[in-house]
K.L.:
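Attaching a single structure in structure tokens format; questions to follow.
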Amino acid sequence: MPSEAELLAQRLEKRERLLALADPYPATVRRTHSAAAAAAAFAAAGEPAPDSADAIAVTVTGRVTAQRGMGRASFLDLTDGTGRIQLHLRSDALGDSYERLSLVDLGDFVEASGSLFRTRTGEITVAVTAWRVITKALRPMPEKWHGVTDVETRTRQRYLDLMANERSREIALTRVAVLAAVRRFFVGRGFLEVETPVLQEQAGGAAARPFMTHHNTLDRDLFLRISLELHLKRLLVGGLEKVFEIGRVFRNEGISHRHNPEFTLLESYEAYADYHDVARMVEELFAYVAAEVHGTVHITHGEQTVDLTAPFARTTYRRALQEHAGFDYRDYPTVEALRALAHERRLPVAQGASWATLLDGFMSAFVEPKLVQPTFVFDYPVELSPLAKRKPDDEGAAERFELFVLGYEMANAYSELNDPVDQRARMEEQARRLAAGDHEVEVADEDFLVALEHGMPPTGGLGVGIDRLVQLMTGEHSLREVILFPAMRERPSGEQALERARAAAEARAPGPTDPAS
RNA sequence: GGGCCCGUAGCUCAGCGGUAGAGCAGUGGACUUUUAAUCCAUCGGUCUUCGGUUCGAAUCCGAGCGGGCCUACCA
């Protein structure tokens with residue numbers, strides 16, 4: 001009999017025995033104190049003796065995370081959302097119900113009532129007078145000392161990670177705090193939080209490949225959104241002046257410690273603001289979130305400390321390339337020239353890549369990794385920014401910036417293009433590049449163009465990857481640590497694995513082989 | 001996508017050609033202030049899968065599956 005099945009069977013047996021006495025899954029539980037509240041109440045009352053008139057009586061609930069049996073007395077550690085509290089159960093105080101302790105396993109939930117006291121080793125403890133099992137667990141907890149360390153188990157069964165690893169809880173709570181702080185920041189500035197469709201006829205607003213799905217009743221293919229941009233701008237056309245959305249977007253790309261196919265994107269749009277206004281807002285946003293979450297604008301990442309004090313460093317796309325890649329892109333105005341340079345610098349280039357895509361390759365390879373402290377890079381080539389306004393004094397550059405921290409792109413913002421004629425022309429250019437084999441293009445969206453033709457006020461727009469923001473705020477190196485349930489490959493069943501192995505074997509040796517030959 | 005590394009009990013890990021091991025958890029026993037409680041005994045394994053080499057494979061070789069790190073694209 002496999003050991004796991006044996007453990008399950010033992011616990012099922014205990015469940016049956018508990019059922020015979022009382023429901024080990026009651027619907028109603030009355031907790032008077034969390035672990036933290038009980039300790040606080042005990043301290044506030046001056047730690048009265050448990051048998052005195054002013055003893056602190058509590059009912060606590062939580063998961064049994066340790067059991068120390070001492071014969072006719074036992075200590076149990078109970079863990080709840082606020083921390084840990086110790087129970088002391090004595091046979092002389094509990095009588096028959098003491099014997100029922102043998103039906104409790106690590107991982108079960110228990111409710112216990114009694115008065116608080118401090119043991120001689122200093123632990124605040126409930127002297128239990130009544131207790132019961134309120135959830136019987138059938139599978140064992142992770143090991144008490146080492147917990148669960150296997151990264152695969154930690155992500156596939158995040159609940160085990162959360163119950164065993166304090167750090168995992170910390171990260172989850174920090175993410176909650178970041179999201180709350182971001183919302184407060186925007187709401188406090190008069191932005192309206194809105195929601196726009198995830199299912200779209202055309203997935204636009206970014207250069208990425210979408211997921212496809214299907215609507216049965218309409219018998220129509222739909223795409224999952226890759227950005228929030230085009231619908232939020234429609235709201236600006238409609239007269240909402242300051243809007244933001246925090247939403248999941250989906251990009252049909254690889255999975256790695258830097259990429260998850262679904263991620264949380266923040267976008268905001270503000271009428272009558274330009275990208276300089278947005279940059280100032282971003283500085284305040286990052287400093288605000290850091291202060292709210294951390295209490296400081298200095299965040300340690302391994303050896304490095306990031307300083308989020310405003311103002312952030314500012315450079316331009318052209319200057320950054322000159323400085324870190326050592327060339328001026330104006331000296332390489334053609335695809336051929338740039339491709340030759342890429343070859344010379346041993347920079348791999350995609351088939352059919354356009355001039356703009358090639359240039360961005362240099363940016364990613366030579367510039368971005370160097371931008372550790374927060375740095376705004378202003379004025380991207382127009383070809384890379386089909387939704388951003390041209391600079392009035394430089395037709396080749398767009399009013400766009402990206403913010404880099406720790407070599408990561410943390411924010412992307414434009415003075416939004418609101419000239420419908422220019423927008424249509426740029427979308428057509430994108431379509432031409434797609435036809436030429438460049439995949440990093442944005443898809444035209446006729447409905448959006450019609451909206452723009454009704455007039456969108458001058459607008460400053462912003463996009464921030466929330467997962468990366470949480471990474472920055474937690475100091476975590478891997479995106480997969482800040483997403484509770486990151487995408488994983490399917491784990492095949494035993495039969496599937498067998499089948500695949502056979503298929504692979506057949507593929508290597510097609511046709512029957514003659515052992516005599 | 002490319003390179004390197006990993007997969008042994010529920011969990012954390014040893015073992016690296018010769019009968020599959022420890023700690024924790026579980027089970028039985030001792031113990032009424034312990035806290036990684038302690039002590040005694042004990043149960044528990046298709047050693048990721050398939051194939052190869054070998055008298056003999058957890059161990060060596062190949063492939064598959066899953067995972068990690070680095071690297072590349074995208075946020």
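This one's a predicted model, so the numbers in the text were calculated from it and none came from an experiment. Heavy atoms only: backbone and side chains are in, while hydrogens, waters and symmetry mates are out. By convention in this document, chain letters (A, B, ...) are assigned in the order of the sequence lines, proteins followed by strands, and residues within each chain are numbered from 1.
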K.L.:
Tell me which nucleotide, if any, is Watson-Crick or G-U wobble paired with B:rC43 when both distances must be under 3.5 Å.
P.N.:
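Partner of B:rC43: none found under 3.5 Å.
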
K.L.:
Please report the distance separating the P of B:rC43 from the corresponding atom of B:rU34, rounded so that it comes out in whole Å.
P.N.:
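The same atom, P, in both gives a distance of 32 Å.
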
K.L.:
Does atom CG of A:D96 have more than 12 heavy-atom neighbours from other groups under 6.0 Å away?
P.N.:
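It does not: A:D96 CG has 12 such atoms or fewer within range.
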
K.L.:
If you check every side-chain atom of A:R489, which of B:rU34, B:rG66, B:rG68 has the closest atom?
P.N.:
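Nearest nucleotide to the side chain: B:rG66.
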
K.L.:
Dump every N/O contact between nucleotides 13-16 of chain B and the protein below 3.5 Å, one line per pair.
P.N.:
unit_1, atom_1, unit_2, atom_2, d
B:rC13, OP1, A:T149, OG1, 3.4

K.L.:
Considering Watson-Crick and G-U wobble pairs with both distances under 3.5 Å, what does B:rA22 pair with?
P.N.:
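Partner of B:rA22: B:rU12.
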
K.L.:
Check A:L338 against A:W355 and note the closest heavy-atom contact, atom names and distance.
P.N.:
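What the structure gives for the nearest pair is CD2-O, 3.3 Å.
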
K.L.:
Within a 6.0 Å radius of atom CZ on A:R68, are there more than 12 heavy atoms belonging to other residues, nucleotides or ligands?
P.N.:
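Buried by this count: over 12 neighbours within 6.0 Å.
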
K.L.:
Of A:Q67, A:Q10, A:K14, which meets side-chain hydrogen bond (donor to acceptor under 3.5 Å, both in side chains) against A:D105?
P.N.:
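Passing option: A:K14.
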
K.L.:
Whole Å only: how far is the CG atom of A:L472 from the P atom of B:rA75?
P.N.:
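Distance check: A:L472 CG to B:rA75 P gives 18 Å.
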
K.L.:
Send over the distance from A:D77 CG to B:rA37 P, rounded to a whole Å.
P.N.:
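So the CG-P distance, A:D77 to B:rA37, works out to 7 Å.
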
K.L.:
What's the gap between B:rC50 and B:rA41 when it is taken at their C1' atoms, as a whole Å value?
P.N.:
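That atom pair is separated by 41 Å.
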
K.L.:
Ignoring hydrogens and geometry beyond distance, is the side chain of A:E6 in donor-acceptor contact with the base of B:rU27 at under 3.5 Å?
P.N.:
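Under the 3.5 Å cut-off, the side chain and the base do not form any donor-acceptor pair.
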
K.L.:
Find the partner of B:rC73: check Watson-Crick (N1-N3 plus N6-O4 or O6-N4) and G-U wobble (N1-O2, O6-N3) distances, both under 3.5 Å, and reply none if neither fits.
P.N.:
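Across any shown strand, B:rC73 pairs with none.
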
K.L.:
Distance check, C1' atoms only: B:rC70 and B:rU27, in whole angstrom units.
P.N.:
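Result for the C1' pair: 46 Å, nearest Å.
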
K.L.:
Base, sugar-phosphate alone, or nothing: which one does A:S364 contact when heavy atoms must sit under 4.0 Å apart?
P.N.:
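Answer is sugar-phosphate: A:S364 comes under 4.0 Å of backbone atoms only.
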
K.L.:
Measuring to OP1 and OP2 of B:rA75, would you say a side-chain N or O of A:R251 lies under 4.0 angstrom away?
P.N.:
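So the side chain of A:R251 is within the cut-off, an N or O lying under 4.0 Å from OP1 or OP2 of B:rA75.
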
K.L.:
So, do A:Y414 and A:Y275 have ring centers that fall under 6.0 Å from each other?
P.N.:
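Ring-ring flag for A:Y414/A:Y275: false, centres at least 6.0 Å apart.
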
K.L.:
Take atom CZ of A:F250 and atom P of B:rA75, then tell me their distance rounded to the nearest Å.
P.N.:
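Distance, rounded to whole Å: 16 Å.
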
K.L.:
Rounded to whole Å, how long is the line connecting atom CZ of A:R154 with atom P of B:rG7?
P.N.:
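After rounding, the reported distance stands at 18 Å.
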
K.L.:
For A:D77 and A:Q86, indicate whether the former's side chain and the latter's backbone hold a donor-acceptor pair under 3.5 Å.
P.N.:
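Not a single qualifying donor-acceptor pair exists.
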
K.L.:
Quantified in whole Å, what is the C1' atom distance between nucleotide B:rU53 and nucleotide B:rU59?
P.N.:
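After rounding to an integer number of Å, I get 13 Å for this pair.
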
K.L.:
In whole angstrom, give me the gap between the P atoms of B:rG64 and B:rC73.
P.N.:
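Those two atoms are separated by 26 Å.
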
K.L.:
Both conditions, 6.0 Å and 45 degrees, for the charged tip of A:R258 above the ring of A:Y408: are they met here?
P.N.:
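So A:R258 does make the cation-pi contact.
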
K.L.:
Could you go over nucleotides 24-26 of chain B and give all protein N or O partners under 3.5 Å, atom names and distances?
P.N.:
unit_1, atom_1, unit_2, atom_2, d
B:rC24, O3', A:K144, NZ, 3.4
B:rA25, OP1, A:K144, NZ, 3.1
B:rG26, O2', A:Q10, OE1, 2.1
B:rG26, O2', A:Q10, NE2, 3.2

K.L.:
Look at A:E476 together with A:R167 and state whether they make a salt bridge at an N to O cut-off of under 4.0 Å.
P.N.:
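Salt bridge between A:E476 and A:R167, a charged N being under 4.0 Å from a carboxylate O: yes.
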
K.L.:
Please report, rounded to the nearest Å, how far the C1' atom of B:rG66 is from the CZ atom of A:R480.
P.N.:
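Going from A:R480 (CZ) to B:rG66 (C1'), I get 12 Å.
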
K.L.:
B:rG21 and B:rA63: how far apart are their C1' atoms, nearest whole angstrom?
P.N.:
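Roughly 30 Å separates the two C1' atoms.
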
K.L.:
I'd like to know if A:K136 pairs up with A:E16 as an ion pair, taking the criterion as any Lys NZ or Arg NE/NH1/NH2 lying under 4.0 Å from an Asp or Glu carboxylate oxygen.
P.N.:
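Here A:K136 does not pair with A:E16 in a salt bridge, since their nearest N and O are not under 4.0 Å apart.
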
K.L.:
Between B:rC39 and B:rC31, how many Å separate the two C1' atoms, rounded to a whole number?
P.N.:
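Between the two C1' atoms, the distance is 9 Å.
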
K.L.:
Classify the nucleic acid contact of A:F117 as base, sugar-phosphate or nothing, counting any heavy atom under 4.0 Å across all strands shown.
P.N.:
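The answer is base, as A:F117 lies within the cut-off (heavy atoms under 4.0 Å) of a base atom.
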
K.L.:
Give none if B:rC4 has no partner; otherwise give the nucleotide forming a Watson-Crick or G-U wobble pair with it, both distances under 3.5 Å.
P.N.:
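Per the H-bond distance test, B:rG68.
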
K.L.:
What's the separation between atom CE in A:M427 and atom CG in A:D445, rounded to the nearest 0.5 Å?
P.N.:
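Result: 7.0 Å between the selected atoms.
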
K.L.:
One pair to check against side chain to side chain contact (heavy atoms under 4.5 Å, CB included): A:V104 and A:V64. What are the steps and the verdict?
P.N.:
CA-CA 8 Å; A:V104 172; A:V64 177; 4.1 Å; yes

K.L.:
Which base, if any, makes a Watson-Crick or G-U wobble pair with B:rA30, both distances under 3.5 Å?
P.N.:
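By the stated definition (distances under 3.5 Å), B:rU38 pairs with B:rA30.
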
K.L.:
For B:rG45 versus B:rC11, give the span between their C1' atoms, rounded off to a whole number of Å.
P.N.:
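Going atom to atom, C1' in each nucleotide, I get 15 Å.
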
K.L.:
Mark yes or no: A:R400 above the aromatic ring of A:Y380, with NZ or CZ under 6.0 Å from the six-membered ring centre and no more than 45 degrees from the axis.
P.N.:
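Yes, a cation-pi geometry holds between A:R400 and A:Y380.
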
K.L.:
Minimum heavy-atom separation for A:M281 to A:S268, with atom names?
P.N.:
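Closest approach of A:M281 to A:S268, heavy atoms only: CE-OG, 3.7 Å.
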
K.L.:
Paired with B:rG17 by Watson-Crick or G-U wobble geometry, both distances under 3.5 Å: which nucleotide is it?
P.N.:
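Across all strands, not a single nucleotide pairs with B:rG17.
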
K.L.:
Measure the distance from CD on A:E152 to P on B:rC65 and round it to the nearest whole Å.
P.N.:
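Value for this atom pair: 14 Å.
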
K.L.:
What contact category does A:N252 fall into here, base, sugar-phosphate, or nothing, at under 4.0 angstrom with non-hydrogen atoms?
P.N.:
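The answer is nothing, as A:N252 stays clear of every strand by at least 4.0 Å.
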
K.L.:
What protein N or O atoms touch nucleotides 30-32 of chain B N or O atoms at under 3.5 angstrom, if any, and at what distances?
P.N.:
unit_1, atom_1, unit_2, atom_2, d
B:rC31, N3, A:G71, N, 3.1
B:rC31, N4, A:G71, N, 3.3
B:rU32, OP2, A:R72, N, 3.4
B:rU32, O2, A:R90, NE, 3.4
B:rU32, O2, A:R90, NH1, 3.4
B:rU32, O2, A:R90, NH2, 3.2
B:rU32, N3, A:D92, OD2, 3.1
B:rU32, O4, A:D92, OD2, 3.3

K.L.:
Taking the nucleotide of RNA chain B with the closest heavy atom to each, which residue, A:G122 or A:G465, is nearer the 5' end?
P.N.:
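Counting from the 5' end, the first nearest nucleotide belongs to A:G122.
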
